[in-house]
Engineer: 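I have a structure here, written as structure tokens, and I will follow up with some questions on it.
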Amino acid sequence: MRKFKILGLMTVFCLLLSCSVAFAQEVRTISVDGTSVIKTMPDQATINISIENTAKDAKEASAKNAIVMNRIQKDILALSITKDKIKTTNYNLYPVYNRKDNGTQEITGYNVSNQITVTVDNIDLVSTVIDTAINAGANSVNSIEFGLKDSQSFKDKALVQAINDAKRKADIIASTLGKNVTNVVNVNSNNSYIEARTFNSLMYAKSADAGIGGVSSPIQAGDISVKANVSIVFEIN
């Protein structure tokens, strides 16, 4: 009797083991990557503008800088750009030194740098904002970055397209092998991002030099790219 019980337990154990092995053998997967690139025209620009000056004492340097910066902001506001679109991003006041022959240093003046960022929701106004700032006394346009107001909706759209691209690839691979995609095992959303188009100060200077009679050339925004990448593991049978 005891012998039969042992044989029965061994039989059950073997059945369970064979079932688990069979189940493991039945799960087949394929791993694919999906990508998407959406090109679109920007509807927003961020312009970084600064004024830098030097004077004999700190108070004078700061006062002169403030006069010019106030004039720059006043003229930009006159273009129907609201106050909340203008932000101070950097302000520096520091002494200027002159090294003497004996190795010592003396302060010869003070330098002030004031930097603002202007967000422009009308792309057609970009050149006008820059010219207005320069005419008001700005002596540096550090960068111009083109982007999107509703960037998240474009990222979401790109992600959906990347997922569909991965599924399309999985269906092609499975059907070629005589199989079918039956389930999703794992999803990894690698990235979804916008490649904003940026002009640095040197690029803008070259564009301005292309103008005639001191008039700067219009800044062409061009297309920007919204990209997404996913990796998906599909189950097939």
Engineer: Taking atom types as modelled, find out whether Glu52 and Asn139 have a side-chain donor-acceptor pair closer than 3.5 angstrom.
Structural biologist: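 No donor-acceptor contact under 3.5 Å links the two side chains.
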Engineer: Only one of Ile163, Asp156, Asn164 passes side-chain contact (heavy atoms from CB on, under 4.5 Å) with Val160; say which it is.
Structural biologist: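 Only match with Val160 under side-chain contact (heavy atoms from CB on, under 4.5 Å): Asn164.
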Engineer: Take Arg168 and Asp165 through the test salt bridge (Lys or Arg N to Asp or Glu O under 4.0 Å) and record every step on the way to the result.
Structural biologist: CA-CA 5 Å; Arg168 178 186 62 81; Asp165 181 54; 2.7 Å; yes
Engineer: Looking only at side-chain N and O atoms, does Asn180 offer a donor or acceptor that is under 3.5 Å from a partner on Thr182?
Structural biologist: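 Checked: Thr182/Asn180 side chains show no N/O donor-acceptor pair below 3.5 Å.
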Engineer: Under a 3.5 Å threshold, yes or no: a donor from one side chain and an acceptor from the other, between Asp150 and Ser153?
Structural biologist: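 Yes, side-chain donor-acceptor contact under 3.5 Å.
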Engineer: Provide the closest heavy-atom pair for Val32 versus Phe234 in the form atom of the first, atom of the second, distance.
Structural biologist: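 Closest heavy-atom pair between Val32 and Phe234: CG2-CE1, 3.6 Å.
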Engineer: Group every Ile, Leu, Val, Met, Phe, Trp and Tyr by side-chain heavy-atom contacts under 4.5 Å, then state whether Val118 and Phe146 land in the same group.
Structural biologist: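 Val118 and Phe146: one cluster.
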Engineer: Using a distance-only test with no angle check, is there a side-chain donor-acceptor pair under 3.5 angstrom linking Asp33 and Ser231?
Structural biologist: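 Yes, side-chain donor-acceptor contact under 3.5 Å.
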Engineer: Between the side chains of Asn114 and Tyr91, does any donor sit under 3.5 Å from an acceptor?
Structural biologist: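 No.
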Engineer: Taking atom types as modelled, is there a side-chain donor on Gln161 or Ser36 under 3.5 Å from an acceptor on the other?
Structural biologist: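 Checked: Gln161/Ser36 side chains pair up, N/O donor to acceptor below 3.5 Å.
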Engineer: With a 4.5 Å cut-off on side-chain heavy atoms, are Tyr193 and Glu195 touching?
Structural biologist: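 With C-beta onward as the side chain, the pair touches.
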Engineer: Evaluate Lys87 against Ile116 for side-chain contact (heavy atoms from CB on, under 4.5 Å), listing each step before the verdict.
Structural biologist: CA-CA 5 Å; Lys87 299 184 186 304; Ile116 62 170; over 6 Å; no
Engineer: So for atom NZ, which belongs to Lys83, do other residues, nucleotides or ligands contribute more than 12 heavy atoms lying within a distance under 6.0 Å?
Structural biologist: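 It does not: Lys83 NZ has 12 such atoms or fewer within range.
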Engineer: Looking only at side-chain N and O atoms, does Asn191 offer a donor or acceptor that is under 3.5 Å from a partner on Asn229?
Structural biologist: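 The criterion, which ignores hydrogens and geometry beyond distance, is not satisfied for Asn191 and Asn229.
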Engineer: Determine whether a donor-acceptor pair (N or O, by modelled atom type, separation under 3.5 Å) exists between the side chain of Arg99 and the backbone of Gln105.
Structural biologist: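 A pair under 3.5 Å: no.
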Engineer: Hey, quick one: are Met69 and Tyr94 part of the same hydrophobic cluster, counting side-chain heavy atoms closer than 4.5 Å, chains of contacts allowed?
Structural biologist: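 Each belongs to a different hydrophobic cluster.
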Engineer: Heavy-atom count around Lys169 NZ within 6.0 Å, excluding the residue itself: above 12?
Structural biologist: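 Yes - once you tally the heavy atoms of other residues, nucleotides and ligands closer than 6.0 Å, there are more than 12.
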Engineer: Decide whether Asn48 and Ser143 meet the rule of one side-chain donor and one side-chain acceptor closer than 3.5 Å.
Structural biologist: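 Their side chains do not contain a donor-acceptor pair, so the 3.5 Å distance test is not met.
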Engineer: The test is side chain to side chain donor-acceptor pair (under 3.5 Å); show your working for Asn90 and Ser113 and say whether it passes.
Structural biologist: CA-CA 8 Å; Asn90 191 33; Ser113 175; 5.1 Å; no
Engineer: What about Val181 and Val233, same hydrophobic cluster or not, with Ile/Leu/Val/Met/Phe/Trp/Tyr joined at side-chain heavy-atom distances under 4.5 Å?
Structural biologist: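 No; Val233 is not reachable from Val181 via cluster members.
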Engineer: Could you measure the distance from the CG atom of Asp124 to the CD1 atom of Ile219? Nearest 0.5 Å is fine.
Structural biologist: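 Rounded to the nearest 0.5 Å, the CG-CD1 separation comes out at 13.0 Å.
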Engineer: Would you say the side chains of Lys39 and Ser225 form a donor-acceptor pair under 3.5 Å?
Structural biologist: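 Side-chain D/A pair, Lys39 to Ser225: present.
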